[in-house]
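Worksheet: one structure, shown below.
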Amino acid sequence: MPAHTPHDARQQAEPPAEAVTPLLRGIAVLRRLTEAASGTDAPDDTRGAHATDGTLSLSALQRATDLPRSTVDRITSTLAHMGYVRVDGRDVTLAPRLMELGNAYLAALRLPALLSARAEALADELDESVSLAVADRDGIRFIHQATRRRALSLSFRIGDLLPAERTAPGPLFAAEWAPQEWRAWRARRAADPRDRSFPALPPREHPAPDPDFEHRAEAAARTGWSLDDQLIEPGLVAVSVPVRDPRTGRTVCAASVVSHTSRRTAQDLRDALLPRLRAAVTDMEHALRTAPLPAPDPAAPSGLALWTGASKQELGRDFVESLARGLTVLTAFGEGRAELTLTEVAKATGLARATARRALITYEHEGLVTSREGRFTPTPRVLSLGFPPLSRITLPRIAEPHLAALAHRVHESASLAALVDGGTKVQYTARATTPRVMSIDITVGTRLPAYATSLGRVLLADLPEQDRAAADLRPLTPHTLTDPATLTRALDRVRAEGYALVDQEWEEGLRAIAVPVRDRAGRVVAAVDAATHVARRSVEECTELILPALRETATRIEADLHTASRFTRVPSA
């Protein structure tokens with residue numbers, strides 16, 4: 001058994017005989033990495049040097065899971081092959097592709113897609129943070145955060161789990177609890193009075209008596225709103241209102257306005273902002289009432305079963321096929337596929353019914369799916385598999401391992417950059433270098449004129465001509481384009497060809513080639529380049545040898561970006 005058991009992984013019974021043991025172990029590894037990213041929950045002796053980034057050493061994972069080292073090695077090798085983690089030497093780190101599991105749950109839930117724009121609009125109107133949360137047994141779990149950027153900012157992430165009694169949404173959900181749910185809550189309180197099993201929170205110093213929460217739940221049932229007056233931590237206040245399912249009248253999520261006492265008191269939240277929150281919730285409920293049902297997805301076989309079989313042949317015993325096949329089961333769910341039968345899961349994944357059935361039994365034991373009358377539904381607990389730390393990932397963090405692989409492949413430095421200063425400059429946001437006697441010395445944060453760099457031209461080329469910032473086209477070298485009409489034609493050519501090659505225009509001797517990185521909407525949000533000395537690579541070698549590798553790198557960055565940004569914002573810096 002694991003050396004320490006968090007709230008998410010707590011079980012009342014031993015796994016059923018039909019549970020898939022490698023899948024249970026893979027879930028344990030992913031949860032330990034997720035907890036390490038909180039920086040608060042994992043025991044000190046299991047934290048790696050970069051634990052708060054979701055990184056643990058292989059030996060730390062062995063101690064945290066109490067699994068044999070050979071088993072940890074095989075599990076992490078399999079997860080790395082799936083793109084769910086990265087293994088760098090002895091360290092294991094969560095990878096953005098893992099978010100596809102949480103994305104499947106959020107797509108099936110539909111609430112973020114239907115309500116997040118309204119939450120964002122309310123946050124803009126009030127200039128306060130707004131969150132959406134759902135119930136997760138005796139806790140609440142965030143499914144959307146519309147935060148304000150301030151020195152005193154909120155650190156909660158999508159997927160974070162909090163105890164119901166320390167939140168504003170908690171009493172709203174508890175108002176609908178059945179007696180058995182209250183018994184489970186009291187048992188958890190007795191076993192963990194200081195909330196040490198909730199890694200998103202600091203431990204409670206002075207546990208409140210149980211009747212306090214019971215009274216708050218009764219009040220929430222009467223009034224239809226609830227307050228958190230510094231229950232999570234000193235200075236933090238919030239007011240919540242339930243968003244009800246128009247068909248059943250039950251609370252499907254809670255909308256909260258969150259602030260701190262230097263801006264507003266709890267009384268001020270209730271008096272000044274509660275009416276506006278209620279109006280926004282009325283609009284949210286109207287959206288739920290009028291939204292058309294998603295068209296049923298035929299869920300054609302995905303070929304994942306064939307992929308896992310081929311991977312087993314490629315990697316041999318280092319690839320745990322039952323783990324990989326089990327994890328693909330969660331990706332069967334999504335928009336229009338909130339509830340699936342066993343047959344539908346098997347069809348969506350291409351797995352045998354028996355394989356899919358054992359995986360679903362395993363997930364039901366772990367609390368990741370529920371079943372009713374032969375139909376399976378994912379639960380909020382799916383978000384416990386890496387989603388909270390990855391929901392705050394930035395584009396540079398996404399790009400870094402891909403840039404390193406590119407630099408290693410082409411033996412040249414590689415960079416990621418974005419437009420800044422009104423589109424007149426590019427700022428380097430990530431870099432990877434390769435050892436050379438004569439290297440290109442550009443540090444992250446450096447800003448260069450956009451018009452004279454390959455990175456800048458790729459970014460400028462995506463803009464309509466009228467939006468391209470007017471720049472002082474100074475000659476930085478004898479080769480710099482300084483004629484506006486010539487530069488416009490160059491940018492049009494970059495747009496058509498999909499790459500920019502700039503030859504000694506920013507600095508003599510420096511030749512660079514760049515390609516765009518596009519977001520889910522197809523907009524260019526960054527550029528990737530490889531730079532070399534003119535003596536090392538000719539123009540032809542840059543386009544014939546480096547350009548294909550650049551494009552493959554951009555495609556991999558985009559794949560991770562599209563997964564990470566489906567339900568979260570991914571900052572470009």
Side-chain angles (χ1 to χ4, degrees), residues 1-10 22-103 105 141 155 157-161 196-200 318 320 323-324 326-327 330 362-363 366-368 380-394 397-398 400-401 560 563-564 568:
M1 292 297 292
H4 99 284
T5 306
H7 178 80
D8 266 12
R10 189 183 54 199
L23 182 55
L24 290 171
R25 291 170 173 172
I27 291 169
V29 165
L30 292 174
R31 281 178 167 155
R32 294 299 91 78
L33 289 167
T34 304
E35 291 154 20
S38 73
T40 61
D41 191 56
D44 290 339
D45 66 346
T46 67
R47 295 183 192 174
H50 308 288
T52 55
D53 295 331
T55 299
L56 286 178
S57 68
L58 288 165
S59 58
L61 265 178
Q62 178 187 0
R63 293 193 297 271
T65 58
D66 201 26
L67 294 171
R69 175 59 184 268
S70 60
T71 300
V72 170
D73 290 345
R74 294 180 67 216
I75 287 173
T76 54
S77 175
T78 303
L79 293 173
H81 190 69
M82 297 183 74
Y84 286 176
V85 304
R86 292 193 306 272
V87 180
D88 183 8
R90 297 181 179 180
D91 288 338
V92 185
T93 306
L94 297 172
R97 188 175 175 183
L98 177 61
M99 294 178 75
E100 70 182 11
L101 303 182
N103 287 344
Y105 160 72
R141 201 178 288 270
S155 61
R157 306 159 298 184
I158 296 175
D160 271 338
L161 178 71
R196 291 186 177 275
S197 54
F198 291 85
D318 287 337
V320 185
L323 167 59
L327 287 171
L330 288 177
T362 306
Y363 286 134
E366 288 288 305
L368 297 166
R381 200 146 298 204
V382 174
L383 296 174
S384 71
L385 303 180
F387 210 91
L390 291 171
S391 70
R392 291 289 180 89
I393 198 167
T394 64
R397 285 287 306 281
I398 288 174
E400 283 167 1
D560 283 350
T563 299
T568 66

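Since this is a predicted model, take the numbers as computed values, not measurements. Just so it is clear, the values below take in all heavy atoms, side chains as well, and ignore hydrogens, waters and symmetry mates.
- Scanning both residues, L161 and F198, for their nearest heavy atoms gives O-CD2, 3.7 Å.
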Using the side-chain contact (heavy atoms from CB on, under 4.5 Å) rule, take D88 and T55 through it: C-alpha gap first, then chi angles, then the decisive distance, then the call.
CA-CA 10 Å; D88 183 8; T55 299; over 6 Å; no
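- Looking at residues two or more places apart in sequence or on another chain, you find a side-chain contact (heavy atoms from CB on, under 4.5 Å) between S77 and D318.
- Using modelled atom types, one side-chain atom of N103 and one backbone atom of T563 make a donor-acceptor pair closer than 3.5 Å.
- Rounded to the nearest 0.5 Å, atoms CG (D66) and CZ (R32) are 10.5 Å apart.
- The salt bridge (Lys or Arg N to Asp or Glu O under 4.0 Å) check on R69 picks up D73, with sequence neighbours excluded.
- The minimum heavy-atom distance linking S384 with L368 is given by the pair OG-CD2, 4.4 Å.
- Every side-chain contact (heavy atoms from CB on, under 4.5 Å) that T76 has, sequence neighbours left out, goes to V29, L58, L61, V72, V87, V92.
- Rounded to the nearest 0.5 Å, atoms CD1 (I75) and CG (L30) are 9.0 Å apart.
- In this structure, L24 CG and T65 OG1 are separated by 12.5 Å, a value rounded to the nearest 0.5 Å.
- Of all non-hydrogen atoms in I398 and A564, the two that sit nearest each other are CD1-CB, 4.1 Å.
- Within the model, atoms CG of L385 and CG of L33 stand 11.0 Å from one another, a figure rounded to the nearest 0.5 Å.
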Criterion side-chain contact (heavy atoms from CB on, under 4.5 Å) on L79 and L323, from CA distance to verdict
CA-CA 9 Å; L79 293 173; L323 167 59; 4.3 Å; yes
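- Remark: P388 engages T34, R157, D160 in a side-chain contact (heavy atoms from CB on, under 4.5 Å) (not counting sequence neighbours).
- Expressed to the nearest 0.5 Å, how far OH of Y363 lies from CG of L23 amounts to 4.5 Å.
- Contacts of P401 classified as side-chain contact (heavy atoms from CB on, under 4.5 Å), with partners at least two apart in sequence or in another chain: R86.
- Among all heavy-atom pairs drawn from A324 and T78, the shortest one is CB-CG2, 4.2 Å.
- Listed here is the closest heavy atom pair of P96 and I393: CG-CD1, 3.7 Å.
- E400 is linked by a salt bridge (Lys or Arg N to Asp or Glu O under 4.0 Å) to nothing, counting only residues two or more places apart in sequence or in another chain.
- The shortest side-chain heavy-atom distance between V320 and R25 does not fall under the 4.5 Å cut-off.
- Side-chain contact check for Q62 versus L67: every heavy-atom pair is 4.5 Å or farther apart.
- In this structure, R97 and Y84 approach most closely via the heavy-atom pair O-CE2, 3.6 Å.
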